[in-house]
Amino acid sequence: MDCDVIIVGAGPAGLALARSLADTGLDIVVVERQPLAAIADPCFDGREIALTHGSADILTRLGAWDLIPEDEISPLRAARVLNGGSPFALDFDASGEEPLGWLVPNHRIRAALFDAIDGQDGLRLVTGAEVVRVQTSRAMAEVELGDGSQLRARLLVGADSRLSGIRGLLGISAEVNRLGRSMMVCRVRHPIPHHGIATEWFDHHQTMAMLPLGEGMSSAVLTLPSADIERLAALGDAELGAELTMRYSERLGPMEVAGPRVAYPLVTTWSWHFAATRAALIGDAAVGMHPVTAHGFNLGLRGADLLARLVRAAARRGRDPGATPLLRAYERRHRGASWPLYAGTNLLVRLYTEETMPARAMRHAGLRLGAKLPFVRPGIRRVLMAR
Ligand SMILES: Cc1cc2nc3c(=O)[nH]c(=O)nc-3n(C[C@H](O)[C@H](O)[C@H](O)COP(=O)(O)OP(=O)(O)OC[C@H]3O[C@@H](n4cnc5c(N)ncnc54)[C@H](O)[C@@H]3O)c2cc1C
């Protein structure tokens, strides 16, 4: 064997797994397509990741949380869901002193995880390299890189995003839903304070979220059919600011564009298997969530943490980190935790983007019911704040 574990993809999920396997004595190779500079010092990509308490705890344990600049961590004090033109709002607030969660720019999470693995014993990073072939057997997993070199390991982990090439090379099929809509993210300045409240507004023919950052600053997240997003993304700053102000009904006053706008075509994916012989999928490669419920990375981090705990326990006992029972346990537990969130999010998206009368009536009733039923709001709060 050339190493014990090969992780393909140095995104946040792959780096979190690599870091979680520190001090196990295992030799780990991380293979990443992008050049070293792009992962050591990633560019701002517009994503403000809402992190749960559980995720913040994992990042703290990995030594990454303290590497995120303090002024880049914005507390999420409350969340509000609005529906169409209705004045009714479903509110969630934190119980006690602690916020519901935190917003952290994606590139800061990636940079912190990269810094955390820097100099880690037993870890090799191969950048600017792509895996082009995979072969697995009961004895080992073998990958071939673009330059023809080969690597063999006891465990191969695909952390290579939602349209995962590793998944395809392993022969694992997936549900892939291309939604024909895109999400544009852009930082804006506004005169009316946000009070740390994130708002998700399921309006007719558009979904708009405002995520609270520093004082007088939010991230505007607008979802529309892809052609409309392309048109908006091409506007000048002043025109875009005016468009966002109008689309948000001036709730935060006139908005001024304060950063680059980035558009993400929406694709959700669900892998039919999270594990195969000597291989596992983590992060978006396992489940690619719709961003509306802000759970993609939170789930990816949980999956990486679960796999790491199983591999660490095997390594402690001198056992095989790519053994079939271990991978089956990972698959069973992570699929069980992911499916309700994946299916529930897709249902929510369908209900809140359909414009038929029954759908409109159901979403109105859904929010009212959510406010009335005693377990709904505390239940969601518990999910966000669970440690
Ligand atoms: C607009 C938006 C908002 C979001 N908001 C939230 C949120 O609030 N909360 C939340 O929890 N999640 C959120 N997410 C989801 C979150 O960003 C993703 O779940 C997370 O970034 C996925 O990380 P990953 O490491 O699995 O994949 P990625 O970040 O995509 O990384 C995959 C890596 O693999 C590399 N790679 C790919 N193929 C190969 C190959 N063949 N060989 C070598 N390397 C390869 C790529 O270069 C890349 O570096 C949001 C997503 C979007 C788009």
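Start at 1 and go down the list; that is how both ligands and their atoms are numbered.
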Colleague: Report yes if some heavy atom in the side chain of L281 is under 4.5 Å from a heavy atom in the side chain of V157; otherwise report no.
Modeller: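 When only atoms from C-beta onward are counted, V157 and L281 do not touch, as no gap falls below 4.5 Å.
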Colleague: Please check if the side chain of T245 supplies one atom and the backbone of G241 the other of a donor-acceptor pair under 3.5 Å.
Modeller: yes
Colleague: Going by side-chain contact (heavy atoms from CB on, under 4.5 Å), name the residues that satisfy it together with S149, two or more places apart in sequence or in a different chain.
Modeller: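 Result, side-chain contact (heavy atoms from CB on, under 4.5 Å) vs S149: L145, D147.
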Colleague: Under the rule for ring-ring contact (aromatic ring centres under 6.0 Å, His included), what residues qualify as partners of W102, not counting sequence neighbours?
Modeller: H53, W65
Colleague: Quick one: ring-ring contact (aromatic ring centres under 6.0 Å, His included) partners of F88, sequence neighbours excluded?
Modeller: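 Partners of F88 under the ring-ring contact (aromatic ring centres under 6.0 Å, His included) test: none.
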Colleague: Could you tell me if S271 and R167 have a donor-acceptor pair between their side chains, going purely by distance under 3.5 Å?
Modeller: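 Note: R167 and S271 side chains meet the donor-acceptor criterion.
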Colleague: Strictly under 4.0 angstrom, heavy-atom based: which residues surround ligand 1?
Modeller: V8, G9, G11, P12, A13, V31, E32, R33, Q34, R47, E48, I49, A50, A129, E130, V131, A159, D160, S161, M183, Y264, G283, D284, P291, A294, H295, G296, F297, N298
